[in-house]
**Student:** 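I have a structure I would like to understand better, so I am pasting it below and will then ask my questions one at a time.
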Amino acid sequence: MKITILGCGAYGTALANMFLENKCEIKMWNKFGDIFDNLRQEYQDIYFTTNLEESLEDCELLVIAIPVAFIESVAKELANYYNNQDILIASKGISIDDGLLATEILKKELKTDNLGAISGGTFAVDMKDKKVMGLTLGTNSSSIKEKVKEALENKYLKIQYTNDYLGVEICGAIKNVMAIGFGILDGCGYPESTKFLYLTEAIYEIKYLIEKLGGESETIMSYAGIDDIMMTCTSTKSRNYTLGNLIGAKKDIEEINNYKETTTIEGLGTALAIHNICKNNNLELNICKIIYDILYNNQDSNALIEYLENK
């Protein structure tokens, strides 16, 4: 199968490893070509290009693995060359400007329903090292299901299937916010009993958001749900957890700001996006509101434990 991946970050290249394991032919696109020299040395079987039109030639499955903040601008250019190819979204997040998920942005810009979203408890480094893990694919397209099964499913990567692409995307976005909260509690020195009470409350809150935005509550029990939520919240590999840990431990503001500026932390933008969604739809997500206030309104990190104490 001929696959094009838009985005050459850690997760895009990790997926490329799985596609290569299943004997697929890969093209990878990035807007800037300065990273290609090192990538070409590591991935000699992959064709790299900065030409979006060229990247789509003969493409059977288009994989979106760029930050959600850039999907709209790329999709506007992509519309000039898009020929109704099946699209698999691996990006996680929500647009800050309009509160749209990646599938909603692509539907708007490309006028297509050939969309699927994939998410689950999978760190890029573990996928690259070919460790056993799981992803959930959300799509209404039988064609995408068949292609993902052929291109990704193997002894290392287990795939679940659901029609609830909204739930899959919501889980993949909001878990980054919840991981910041878990990291805050850990940085404050609270024990496992407290942190896992928080985690349970966070899962309830995610389930509530899925239902309110039109997804299926059962998705919380999938690889995209509880698997990814628990992994991202509790692992020191998680950049969102690490930011929360720095905040909870009351590290110097310069150290915290340096980490924000030098690291891609999806939960920062997602916290703002969810705050706007709640305000516009009259939704009450207490944990998300507290984390938003800690990140953007200088709220003391103790507000999170105070909420749990008084709940």
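In this chain, residues are counted from 1 in sequence order.
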**Student:** Measure the spacing between CD1 of Ile105 and CG of Leu115 and express it to the nearest 0.5 Å.
**Tutor:** 11.5 Å
**Student:** Indicate whether any N or O donor in one side chain lies under 3.5 Å from an N or O acceptor in the other, for Thr236 and Tyr241.
**Tutor:** no
**Student:** Thinking salt bridges, do Glu169 and Lys92 make one under a 4.0 Å N-O criterion?
**Tutor:** no
**Student:** Quick check: does any side chain N or O of Glu54 sit under 3.5 Å from a backbone N or O of Thr49, one acting as donor and the other as acceptor?
**Tutor:** no
**Student:** Rounded at 0.5 Å granularity, tell me how far CD1 in Ile274 sits from NZ in Lys279.
**Tutor:** 14.0 Å
**Student:** Is a side-chain N or O of Asp252 found less than 3.5 angstrom from the main chain of Glu254, in a donor-acceptor match?
**Tutor:** yes
**Student:** Measuring from Thr136:OG1 to Asp164:CG, what's the distance to the nearest 0.5 Å?
**Tutor:** 10.0 Å
**Student:** Nearest 0.5 Å, please: how far is CZ in Phe19 from CD1 in Ile46?
**Tutor:** 10.5 Å
**Student:** Quick one: does any side-chain atom of Arg239 pair with a main-chain N or O of Thr263 as donor and acceptor, under 3.5 Å?
**Tutor:** no
**Student:** Can you tell me if Lys158 uses its side chain to pair, donor with acceptor, with the backbone of Lys155 under 3.5 Å?
**Tutor:** yes
**Student:** Answer yes or no: is there a donor N or O on one side and an acceptor on the other, between the side chain of Asn280 and the main chain of Ile277, under 3.5 Å?
**Tutor:** no
**Student:** Under a 3.5 Å distance rule, please check whether Ser141 uses its side chain to pair with a backbone N or O of Asn114 as donor and acceptor.
**Tutor:** no
**Student:** Please determine if Lys237 and Asp126 form a salt bridge, counting it only when a charged side-chain N lies under 4.0 Å from a carboxylate O.
**Tutor:** yes
**Student:** Look at Glu255 together with Lys251 and state whether they make a salt bridge at an N to O cut-off of under 4.0 Å.
**Tutor:** no
**Student:** If you count every heavy atom of other residues, nucleotides or ligands that lies below 6.0 Å from Tyr161 atom OH, does the total exceed 12?
**Tutor:** yes
**Student:** What I want to find out is whether Glu201 reaches Lys311 closely enough, with some N-O distance under 4.0 Å, to be called a salt bridge.
**Tutor:** yes
**Student:** Say whether, by atom type as modelled, one donor and one acceptor occur between the side chain of Thr270 and the main chain of Gly267 under 3.5 angstrom.
**Tutor:** no
**Student:** Distance-only, no hydrogens or angles: does the Thr4 side chain make a donor-acceptor pair with backbone N or O of Ser55 under 3.5 Å?
**Tutor:** yes
**Student:** Only one of Asp98, Leu106, Leu100 forms a side chain to side chain contact (heavy atoms under 4.5 Å, CB included) with Glu72, so which one is it?
**Tutor:** Asp98
**Student:** Is the closest basic N to carboxylate O distance between Glu150 and Lys145 below 4.0 Å?
**Tutor:** no
**Student:** Tell me whether Asn281 contacts the main-chain N or O of Leu283 through its side chain, where contact means a donor paired with an acceptor under 3.5 Å.
**Tutor:** no
**Student:** Less than 4.5 Å apart, any side-chain heavy atom of Cys188 and any of Ser301?
**Tutor:** yes
**Student:** Determine, for Lys76 against Glu109, whether the closest basic-nitrogen to carboxylate-oxygen distance falls under 4.0 angstrom.
**Tutor:** yes
**Student:** Find the distance between CG (Leu246) and CG (Asn258) and round it off to the nearest 0.5 Å.
**Tutor:** 10.0 Å
**Student:** Can you list every side-chain hydrogen bond (donor to acceptor under 3.5 Å, both in side chains) pair that touches residues 28-39, not counting sequence neighbours?
**Tutor:** none
**Student:** Just by distance, with hydrogens left out, do Thr122 and Lys131 show a side-chain donor and acceptor under 3.5 Å apart?
**Tutor:** no
**Student:** Is there a donor-acceptor pair under 3.5 Å between the side chain of Asn154 and the backbone N or O of Leu157?
**Tutor:** yes
**Student:** Taking NZ, NE, NH1 and NH2 as the nitrogens, is one of them in Glu284 or Lys289 under 4.0 Å from a carboxylate oxygen of the other?
**Tutor:** no
**Student:** Between Glu104 and Lys108, is there a salt bridge with N-O shorter than 4.0 Å?
**Tutor:** no
**Student:** Can you check whether Ile26 reaches Tyr47 side chain to side chain, under 4.5 Å on heavy atoms?
**Tutor:** no
